[in-house]
Protein chains: 2
Amino acid sequence: MATGRTHRPATRSRGIPEATVARLPLYLRALTALSERSVPTVSSEELAAAAGVNSAKLRKDFSYLGSYGTRGVGYDVEYLVYQISRELGLTQDWPVVIVGIGNLGAALANYGGFASRGFRVAALIDADPSMAGKPVAGIPVQHTDELEEIIRENGVSIGVIATPAGAAQQVCDRLVAAGVSSILNFAPTVLSVPEGVDVRKVDLSIELQILAFHEQRKAGEEAAGEGADTTPPAAPPAAAVRRRAGGGTEQGPDGDVPAVMPA
Amino acid sequence: MATGRTHRPATRSRGIPEATVARLPLYLRALTALSERSVPTVSSEELAAAAGVNSAKLRKDFSYLGSYGTRGVGYDVEYLVYQISRELGLTQDWPVVIVGIGNLGAALANYGGFASRGFRVAALIDADPSMAGKPVAGIPVQHTDELEEIIRENGVSIGVIATPAGAAQQVCDRLVAAGVSSILNFAPTVLSVPEGVDVRKVDLSIELQILAFHEQRKAGEEAAGEGADTTPPAAPPAAAVRRRAGGGTEQGPDGDVPAVMPA
DNA sequence: TGTTGTGAATTCCTTCACAGCC
DNA sequence: GGCTGTGAAGGAATTCACAACA
């Protein structure tokens, strides 16, 4: 789900499995909600329900962090919040820059959940000179020319790319050259990065396509149901079939380069 | 990565592993790019590189779809595009509704990649009456009151939730009741849905937290390096530690309910 | 008694390596 | 000779089920 090119073999970072790391934020959210309601302790069963996983998985996940629970009782909410936060590195301040302040970039800049978890938007950067100086979410947009300076001055190590696909690799290269070593990519491209740089990708159209797959399957089951297999009716040997959407935008079959959005 | 509550045991839908389904859109994108450059055939090695995976994995993935390649030659680009599109259900038209037209909802509505893959934005829905009628991305926003009618009239089966966290479950319930059976959730909540409904989640703050984890680990390795283990310095038994961000928005430790954004 | 923590079993995914075919 | 398709091996993630223990 992450790592652009660098075929890092899904390292078990510091002994904690990737799959577990990916769930820690979920637990953390559920725990913080409990904390706000001043719930002192929680069982694996309850917490698992709140996080939407099963309790055995949750207990195993926590076992990688240490033995933070009490048998017969459960987990101390505040303590766990602290431990998970520390494990995730959220007890420190992470300045991030957002590059590409279109619709999506603006949405990200306005997102409150950032600051509430140790992430601080250090700068907004856009290539459009007419954007420069315009405040978005209270932060003035700066021009791409200043990218390197901004990164270095703020000690930024995490960058968010919300540019069109065409610009993403170039922006990525500049970020990395300037010292960024973790990138969250919203552009619909596979980014190439040197060893040691982490890339995670958020790709809207991929999520929709996966949903469509399951949706189609459901529809098929309903219809068929009876005998034989579901093998599709062997298709035209070499005929490309394009979409046949109804209305809506168009801007090239797939090269995308959307006005502003994720894939 | 999907399914809110419904603990569906990661079914291998129609024999194709979930992990493979999740990669098909990646291949499709790479293939479409090749198609545009009029490249007639491609080897597993080349295509894998373009999609950012390794070639053995790609070949195995394709083997679940059928034998669409030619030994000694490679894959016919157009043909594969068609086969994958069909497998994903993209050869048909999928009307979707977007609920919650804040910054993010607007970004989604403007996203071109939608239409280019069989997804058609059938309607934009928001709870704010003052939004009603206002066009976003050329589509007039409609009020939540009309949700059920819109779903039914357009035969919508895929819904996108881009509301604040507090409204998400309620919106979800209404969508499901009206007939939607696949949901893409951008709100930072675990959604409960009945059996048979698919939920996928896109959660920005989770992605950032995962990056922070790895970033922290990198920093730690640099520093340490030498002897002993990396076990952290046992922490204060029951003291919650809050962020210490610098500037930035605030709106409650975690309950989130952001102005408009994903988690 | 009630709940954690964890070995063992299971299932799922990835990678290897090579036979089969063009 | 080159490249696909796939059994088989290896590894990772999940789940089971129960001993340990407050």
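Keep in mind that the numbers below use all heavy atoms, side chains included, and drop hydrogens, waters and symmetry copies. Note on naming: letters A, B, ... go to the chains in the order of the sequence lines (proteins, then strands), and numbering restarts at 1 for each one. Here the structure is a predicted model, which means the values were calculated and not measured.
Between A:E45 atom CD and D:dC16 atom P the separation is 12 Å, expressed in whole Å. At whole-Å resolution of the value, CD in A:E18 and P in C:dT14 are 13 Å apart. Separating the CD atom of B:E46 from the C1' atom of D:dG2 is a distance of 12 Å, rounded to the nearest angstrom. The CD1-P distance, from A:I16 to D:dA12, rounds to 15 Å in whole Å. One atom, NZ of A:K60, and another, C1' of D:dA12, lie 12 Å apart when rounded to the nearest Å. Per the geometry, CG belonging to A:L58 stands 16 Å off C1' belonging to D:dC16, to the nearest Å. The distance from atom OH of B:Y68 to atom P of D:dT6 is 12 Å, rounded to the nearest whole Å.
For the OP1/OP2 pair of C:dT14 and a distance below 4.0 Å, the side-chain nitrogens and oxygens of B:K57 include at least one atom meeting the criterion. Neither OP1 nor OP2 of D:dT14 sits under 4.0 Å from any side-chain N or O of A:N54. Between A:Y75 and C:dG5 there is a side-chain polar atom (N or O) within less than 4.0 angstrom of OP1 or OP2. Contact annotation: B:R59 side-chain N/O to C:dC16 OP1/OP2 distance is not under 4.0 Å. Taking 4.0 angstrom as the limit, A:S44 places a side-chain polar atom (N or O) nearer than this to OP1 or OP2 of C:dT4.
Each of A:G72 and A:A56 has a nearest nucleotide on DNA chain C; the 5'-most of these lies closest to A:G72.
Side chains of A:E36 and A:T32: no donor on one and acceptor on the other come within 3.5 Å. Using modelled atom types, one finds no donor on one side chain facing an acceptor on the other under 3.5 Å when comparing B:T189 with B:Q169.
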- prompt: Could you go step by step and tell me if B:F62 and B:Y75 meet the ring-ring contact (aromatic ring centres under 6.0 Å, His included) rule?
  reply: CA-CA 10 Å; B:F62 285 177; B:Y75 300 92; 5.2 Å; yes
| task | Would you please test A:Y79 and A:Y82 for ring-ring contact (aromatic ring centres under 6.0 Å, His included) and show each step? | result | CA-CA 5 Å; A:Y79 185 48; A:Y82 171 73; 7.2 Å; no
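Contact annotation: side chain of B:R71 to base of D:dT4, donor-acceptor pair present below 3.5 Å.
Among residue pairs with one or both ends in residues 50-73 of chain A, those qualifying as salt bridge (Lys or Arg N to Asp or Glu O under 4.0 Å) are A:R23-A:D61; sequence neighbours excluded.
B:F62 comes within contact range of no nucleotide atom at all, as no heavy-atom separation falls under 4.0 Å.
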